[in-house]
Visitor: 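Before anything else, here's the structure in question.
On a predicted model such as this, the values are computed, not experimentally measured, just so you know.
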Amino acid sequence: MAAAAELKLLEKSLGLSKGNKYSAQGERQIPVLQTNNGPSLTGLTTIAAHLVKQANKEYLLGSTAEEKAIVQQWLEYRVTRVDGHSSKDDVRTLLKDLNSYLEDKVYLTGYNFTLADILLYYGLHRFVVDLTVQEKEKYLNVSRWFCHIQHHPGIRQHLSAVVFIKNRLYTNSH
């Protein structure tokens, strides 16, 4: 999904009125937001943080210094590791690492839903939608987190729902 489309989803989930004008620049199609008053903003995470502030939902950027740093870390991870990496091996490594990380967490920052969860969900959707039942079970923590995020009010919108089976089918899959 193009970054501009993700930003429009984010706008809607934040309850912002539409009207922002997005374009993309360069070979990697980096999103650009033309603001009404001031310079244009460039980059997915920069624009997303701006939209969060515009919606007066700063808590999505983290509430403590540590949480803010973790949100920034995951936003950077999204742009550097998820975007542009689509080989099967890259995706497998990404899901394996994320699965380990989420072992003892509900959300990426631990127990608080943040912008990092939203943007990583949008970034991973194209991969998770294609996972087999066995793969979803192999990455059980990612599946749990993903399912939780897609059911968060206003997040999924027009994206296809990914079905997760509640009963384990393959007990020796780990």
Side-chain angles (χ1 to χ4, degrees), residues 1-11 13-14 22 24-33 41-55 57-131 135-152 154-157 159-160 162 164:
M1 174 176 19
E6 283 185 50
L7 290 166
K8 288 192 182 301
L9 283 177
L10 179 63
E11 270 183 6
S13 72
L14 293 171
Y22 297 101
Q25 74 180 28
E27 189 178 302
R28 294 188 58 211
Q29 294 294 292
I30 296 167
V32 178
L33 167 65
L41 300 174
T42 304
L44 178 68
T45 60
T46 302
I47 296 169
H50 169 75
L51 294 175
V52 164
K53 288 175 184 167
Q54 216 178 18
K57 295 186 177 182
E58 277 91 348
Y59 63 88
L60 288 173
L61 298 174
S63 40
T64 65
E66 181 184 14
E67 207 173 74
K68 287 176 184 177
I70 293 169
V71 169
Q72 285 305 311
Q73 168 193 307
W74 281 105
L75 293 177
E76 186 152 328
Y77 181 88
R78 160 62 208 271
V79 171
T80 59
R81 301 271 301 145
V82 177
D83 295 354
H85 292 86
S86 55
S87 80
K88 269 283 196 210
D89 287 341
D90 286 344
V91 173
R92 242 183 259 120
T93 301
L94 202 133
L95 292 174
K96 184 175 171 275
D97 293 347
L98 186 58
N99 198 58
S100 297
Y101 179 81
L102 288 168
E103 199 169 329
D104 60 349
K105 294 169 189 67
V106 178
Y107 298 107
L108 293 171
T109 60
Y111 297 102
N112 295 319
F113 178 72
T114 64
L115 179 61
D117 293 292
I118 298 169
L119 288 187
L120 197 58
Y121 166 79
Y122 289 155
L124 291 175
H125 187 276
R126 65 190 168 119
F127 303 125
V128 176
V129 79
D130 290 334
L131 293 179
E135 288 170 319
K136 288 176 190 168
E137 286 192 7
K138 182 178 181 185
Y139 306 115
L140 208 54
N141 300 318
V142 172
S143 294
R144 172 188 44 78
W145 168 84
F146 192 92
C147 187
H148 189 63
I149 301 303
Q150 81 175 350
H151 286 96
H152 205 279
I155 300 302
R156 186 173 57 84
Q157 297 174 46
L159 295 177
S160 56
V162 177
F164 295 92

Visitor: Is there a donor-acceptor pair under 3.5 Å between the side chain of D117 and the backbone N or O of T114?
Guide: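 Yes; judged by distance alone, with no hydrogens or angles, the pair exists.
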
Visitor: Is there a side-chain contact between L98 and L108, using heavy atoms and a 4.5 Å cut-off?
Guide: yes

Visitor: With no hydrogens and no angle check, is any side-chain donor or acceptor of H125 less than 3.5 Å from a backbone partner on S160?
Guide: yes

Visitor: Output the distance between atom OG (S13) and atom CZ (R156), rounded to the nearest 0.5 Å.
Guide: 13.5 Å

Visitor: Consider only side-chain N and O atoms of Y111 and E67, and report whether a donor and an acceptor are under 3.5 Å apart.
Guide: no

Visitor: Run the side chain to side chain contact (heavy atoms under 4.5 Å, CB included) test on V106 and F113 for me, step by step, so that the C-alpha distance in whole Å, both residues' side-chain angles and the decisive distance to 0.1 Å come before the verdict.
Guide: CA-CA 8 Å; V106 178; F113 178 72; over 6 Å; no

Visitor: Heavy-atom count check: over 12 atoms from other residues, nucleotides or ligands less than 6.0 Å from E66 CD?
Guide: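 12 or below, so no.
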
Visitor: Report yes if some heavy atom in the side chain of V79 is under 4.5 Å from a heavy atom in the side chain of T45; otherwise report no.
Guide: yes

Visitor: CG of L95 to CG of L124: how many Å apart, nearest 0.5 Å?
Guide: 6.5 Å

Visitor: For the backbone of L120 and the side chain of R78, can you confirm whether one donor and one acceptor N or O come within less than 3.5 Å of each other?
Guide: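 No, the answer is negative, given that no donor and acceptor are paired below the 3.5 Å cut-off.
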
Visitor: Given the rule in the side chain to side chain contact (heavy atoms under 4.5 Å, CB included) test, do V82 and L119 qualify, once you have shown the distances and angles that lead to the verdict?
Guide: CA-CA 10 Å; V82 177; L119 288 187; over 6 Å; no

Visitor: Without swapping roles, check the side chain of Q157 against the backbone of L9 for a donor-acceptor pair under 3.5 Å.
Guide: yes

Visitor: Does K105, at its NZ atom, have more than 12 non-hydrogen atoms belonging to other residues, nucleotides or ligands within less than 6.0 Å?
Guide: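 Counting neighbours around NZ of K105, more than 12 heavy atoms of other residues, nucleotides or ligands fall under 6.0 Å, so yes.
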
Visitor: May I ask you to decide if K136's main-chain N or O and S143's side chain share a donor-acceptor pair within less than 3.5 Å?
Guide: yes

Visitor: Under 3.5 Å, is there a donor-acceptor pair linking the side chains of D97 and S100?
Guide: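 The criterion, which ignores hydrogens and geometry beyond distance, is not satisfied for S100 and D97.
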
Visitor: Can you confirm whether Y77 sits close enough to L94 that some side-chain heavy atom of one is under 4.5 Å from a side-chain heavy atom of the other?
Guide: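 Yes, close enough: below the 4.5 Å cut-off.
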
Visitor: If you look at every heavy atom in D130 and E135, which pair is closest and at what distance?
Guide: O-OE1, 4.2 Å

Visitor: Run the side chain to side chain contact (heavy atoms under 4.5 Å, CB included) test on L44 and D83 for me, step by step, so that the C-alpha distance in whole Å, both residues' side-chain angles and the decisive distance to 0.1 Å come before the verdict.
Guide: CA-CA 11 Å; L44 178 68; D83 295 354; 4.3 Å; yes

Visitor: Let me confirm one number: the CG-OH distance from L41 to Y22, rounded to the nearest 0.5 Å.
Guide: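 Reported to 0.5 Å precision, the distance equals 9.5 Å.
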
Visitor: If the condition is side-chain hydrogen bond (donor to acceptor under 3.5 Å, both in side chains), which residues does Y107 pass it with, not counting sequence neighbours?
Guide: H148

Visitor: Between L7 and P31, what is the shortest heavy-atom contact and its length?
Guide: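 Closest approach of L7 to P31, heavy atoms only: CD1-CB, 3.8 Å.
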
Visitor: What distance do K8 atom NZ and E6 atom CD have between them, rounded to the nearest 0.5 Å?
Guide: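 One gets 13.0 Å once the value is rounded to the nearest 0.5 Å.
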
Visitor: Do L60 and L14 touch side chain to side chain, with heavy atoms closer than 4.5 Å?
Guide: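 Yes, at least one pair of side-chain atoms sits under 4.5 Å.
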
Visitor: Do any N or O atoms from the side chain of Q150 and from the backbone of V162 form a donor-acceptor pair under 3.5 angstrom?
Guide: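 Pair found, side chain donor or acceptor close to backbone of V162.
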
Visitor: So that I know where these two stand, are Y101 and W145 an aromatic pair - ring centroids less than 6.0 Å apart?
Guide: no

Visitor: Does any part of the side chain of K96, heavy atoms only, come nearer than 4.5 Å to the side chain of N99, both counted from C-beta?
Guide: no

Visitor: Between K53 and E58, is there a donor-acceptor pair closer than 3.5 Å when you use the side chain of the first and the backbone of the second?
Guide: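 Not at all, since once roles are kept as given, no pair shorter than 3.5 Å links the two residues.
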
Visitor: Between R144 and E103, is there a side-chain N and carboxylate O pair less than 4.0 Å apart?
Guide: no

Visitor: Just checking E76: does its CD atom have more than 12 heavy atoms from other residues, nucleotides or ligands closer to it than 6.0 angstrom?
Guide: no

Visitor: Go through it in stages, so that I can follow the logic: the residues are L115 and L10, the test is side chain to side chain contact (heavy atoms under 4.5 Å, CB included), and I'd like the CA-CA distance, side-chain angles, deciding distance and then a yes or no.
Guide: CA-CA 9 Å; L115 179 61; L10 179 63; 3.9 Å; yes

Visitor: Assess whether side-chain hydrogen bond (donor to acceptor under 3.5 Å, both in side chains) is satisfied between T109 and N112, documenting all intermediate values.
Guide: CA-CA 6 Å; T109 60; N112 295 319; 5.1 Å; no

Visitor: Side-chain contact, heavy-atom cut-off 4.5 Å: Y121 with V128?
Guide: no

